[in-house]
Amino acid sequence: MNPGGAEPDAGNPGFVHETWAARVVFRAGAALTATAEEARRLGLRRLLVLSGERGADTARAVADSLGPACAGLHTGARMHVPVAVADRGVEVARAAGADGCVAVVGGSAIGLGKAIALRTGLPLIAVPSTYAGSEMTPVWGLTEHGAKHTGRDPVVLPRSVVYDPELTLSLPVPLSVTSGINALAHAVEALYAPDGSPLVALMAEEAVRAMADALPAIAAAPDSLPARSRALYGAWLCGACLGATTMGLHHKLCHVLGGTFGLPHAETHTVVLPYALAFNAPAAPRAIAAVGRALGTDDTPGAVRDLGVRLGAPRSLAELGLKEADLPVAAEQVAGQAYANPRPVTAEDALAVLRAAYQGRAPSA
Ligand code: NAD
C-alpha cells in the first residue's frame with residue numbers, strides 16, 4: 001500500500017503497478033484515418049459502430065471510413081448505460097453478426113461498448129471525443145432500478161484507443177470545461193489512492209498541469225487545435241490514472257448523484273471535486289501538494305473550484321437540480337458502501353460535503 005504513489009523510501013515500503021495493455025494512437029485526423037487500420041491489426045472484419053444520437057454524424061463518418069468492415073451503426077447509447085440499453089446493444093451486435101465494436105464520441109458510447117463486451121466478449125475500439133477517460137479503464141457500469149453498478153473486467157478494456165483532437169473541436173466550451181474537470185478528478189483521486197505508484201503519481205501531476213493549462217485556452221479559442229490536443233493529452237493521462245487505481249470519496253459521491261438522482265456526469269464531477277478534495281486534504285498532504293504544484297497554488301481545493309467557476313461551470317448541486325431533501329438520502333447511500341478513501345467518512349461527513357457542494361460556497365476542510 002502506497003497512498004500518494006510516492007517513491008519507495010523509509011515511509012513507503014513499495015508499490016504494485018499494473019499496466020493495462022491498451023494500444024493508443026494519438027493524432028489529429030486519426031478518427032477517420034487510423035480506426036480502420038486499428039481494426040485490421042486486431043483482425044476484425046465486421047464492426048458495429050456505436051454512438052449516442054448526438055454523436056451520430058461523427059459515428060457515421062467513422063463507419064464510412066471502415067468501408068466493408070462496417071457491419072452497422074447503432075446510435076442507442078445513453079448516459080450511465082441503463083440495462084435495457086445494454087440489452088438492445090447486445091441484440092443489435094448479434095443481429096449484425098459483429099466481431100467487434102467501435103465506440104465513437106463520449107463515455108456513454110464507450111460504456112455501451114463495454115456492456116456489450118461484458119456479455120459477448122466482443123473486442124472494443126474506442127474513439128473518444130470527451131475527456132471522461134473510460135477508454136483507458138477496465139471498469140464497466142450499468143444502471144438498473146435507479147442504482148448504478150460498476151465492476152472491473154479486463155474483457156471490457158478497449159483493445160485500441162484512437163485519440164483525435166480534431167474530433168473534440170466541436171465539443172462545446174461548457175462541456176469541454178466540465179468534462180476536463182471530470183478528468184482532473186481521476187488524476188486527483190489517483191494521487192491518494194491506496195494502490196498508487198510512482199508512475200501514476202507522475203502521470204497524475206502532469207495530467208493536472210496539462211488540463212489546467214488547456215481549459216482556459218480552449219475557452220478563449222475553442223478552435224485552437226494545440227489547446228484541444230493538450231486537453232486530450234491530459235485526458236489520456238487522467239484516464240490512465242483512473243484505470244490504474246481505486247477511486248475514493250469523490251467518485252463515490254458522483255456515482256450516487258448520477259446513478260440514483262440522474263445528475264449529469266461531468267457537471268456533477270465539476271461541482272463536487274473541490275469539496276471532496278477539501279474534506280480529504282488533512283489526510284492526503286502529498287496529493288494536495290502535487291495538485292497544488294501543477295496548479296501553481298497553495299489553496300488546492302479553492303484553485304480547483306476557481307478553474308471551473310472562472311470558465312463559467314456550474315457551482316452548486318442546487319444548480320444541477322438536486323433537491324435539498326435528497327442530500328441525506330445520498331449521504332446514507334455513500335456511507336453505506338465500501339470504498340477506499342484516505343480519510344474515514346461517516347454519514348454526517350458525507351452529508352457535510354454534499355451540503356457544501358449543494359450550496360456551492362467556498363470549500364473548507
Ligand atoms: P457523454 O458520452 O454522454 O457525452 C456528453 C454529451 O456530449 C453527449 O450529448 C454527446 O453527444 C456530446 N458530445 C460528446 N463529444 C462531442 C463532441 N466532440 N462534439 C459535440 N458534442 C459532443 O458523456 P461523457 O461525459 O463523455 O461520459 C460520461 C459517461 O461515461 C457516464 O455514464 C460515466 O459513468 C461514464 N464513464 C465511465 C468510466 C469508466 O471507467 N467506466 C469513466 C468515465 C466515465
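From a predicted model like this one, the values you see are computed outputs, not experimental measurements. One-based numbering along the sequence shown. Counting starts at 1 for both ligands and their atoms, in listed order.
- Considering both main-chain and side-chain atoms, Ser129 comes within under 3.5 Å of ligand 1 through a nitrogen or oxygen pair.
- Considering only non-hydrogen atoms, atom 13 (N) of ligand 1 lies nearest to Val105 out of Val81, Thr143, Val105, Leu167.
- Regarding atom 21 (N) of ligand 1, its nearest protein heavy-atom neighbour is Pro172 CD, 4.1 Å.
- Proximity to Val139 (heavy-atom distance under 4.0 Å) selects the following atoms of ligand 1: 39 (C), 40 (O), 41 (N).
- Nearest protein neighbour of atom 19 (N) of ligand 1, counting heavy atoms only, is Ser170 OG, 2.8 Å.
- For atom 38 (C) of ligand 1, the closest non-hydrogen atom of the protein is Ser134 CB, 3.3 Å.
- Looking at Thr300, its side chain does come within 3.5 Å of a backbone N or O of Ile288 through a donor-acceptor pair.
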Apply side-chain contact (heavy atoms from CB on, under 4.5 Å) to the pair Leu317 and Leu257, showing each step before the final yes or no. CA-CA 9 Å; Leu317 294 176; Leu257 292 169; 4.0 Å; yes
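- Within the listing of ligand 1, atoms 33 (C), 34 (O) sit less than 4.0 angstrom from a heavy atom of Lys148.
- Residues Arg88 and Glu91 are paired through a salt bridge, judged by an N-O separation under 4.0 Å between the basic side chain and the carboxylate.
- By the 3.5 Å distance cut-off applied to N or O atoms, Met79 is not counted among the residues near ligand 1.
- A 6.0 Å sphere centred on CH2 of Trp236 holds no more than 12 heavy atoms belonging to other residues, nucleotides or ligands.
- Relative to atom 22 (C) of ligand 1, the option among Leu157, Leu169, Leu171, Val104 with the closest non-hydrogen atom is Leu171.
- Contacts between His265 and ligand 1 below 4.0 angstrom, taking non-hydrogen atoms only, involve the side chain exclusively.
- The closest protein non-hydrogen atom to atom 43 (C) of ligand 1 is Ala132 O, 3.2 Å.
- Taking the charged nitrogens against the carboxylate oxygens, Arg230 and Asp213 do have a contact shorter than 4.0 Å, which makes a salt bridge.
- Under a hydrophobic-cluster definition in which Ile, Leu, Val, Met, Phe, Trp and Tyr are linked whenever side-chain heavy atoms come within less than 4.5 Å, directly or via other members, Val105 and Phe26 are assigned to different clusters.
- Closest heavy-atom approach to atom 26 (O) of ligand 1 within the set Thr130, Thr58, Leu242: this belongs to Thr130.
- Ion pairing between Arg228 and Asp223 fails under the 4.0 Å rule for side-chain N and carboxylate O.
- Less than 4.0 angstrom separates some heavy atom of Lys114 from each of these atoms of ligand 1: 39 (C), 40 (O), 41 (N).
- Listed by number with element, the atoms of ligand 1 under 4.0 Å from a non-hydrogen atom of Leu175 are 6 (C), 7 (O), 12 (C).
- The neighbour count for Arg119 CZ, taken as heavy atoms of other residues, nucleotides or ligands under 6.0 Å away, is above 12.
- Here the protein heavy atom with the shortest distance to atom 3 (O) of ligand 1 is Ser108 OG, 2.6 Å.
- Taking distance alone, with nitrogen or oxygen atoms compared against 3.5 Å, Asn182 stays at or beyond that limit from ligand 1.
- For ligand 1, the atoms sitting less than 4.0 Å from at least one non-hydrogen atom of Thr137 are 39 (C), 40 (O), 41 (N), numbered in the order shown with element in parentheses.
- Any N or O atom pair closer than 3.5 Å counts here, and Trp140 shares no such pair with ligand 1.
- Close contacts of ligand 1 with Gly106, meaning ligand atoms under 4.0 Å from a residue heavy atom, involve 2 (O), 26 (O).
- Formation of a donor-acceptor pair under 3.5 Å by the His17 side chain with backbone atoms of Leu199 is not found in this model.
- Ionic pairing of Glu319 and Arg315 is not present here: no N-O contact between side-chain nitrogen and carboxylate oxygen is shorter than 4.0 angstrom.
- A donor-acceptor pair is defined here as one N or O able to donate and one able to accept, closer than 3.5 Å; such a pair exists between the side chain of Asn341 and the backbone of Leu249.
- A chain of hydrophobic side-chain contacts below 4.5 Å, direct or via other Ile, Leu, Val, Met, Phe, Trp or Tyr residues, connects Val104 to Val162.
- Not a single N or O atom of Ser179, backbone or side chain, sits closer than 3.5 Å to an N or O atom of ligand 1.
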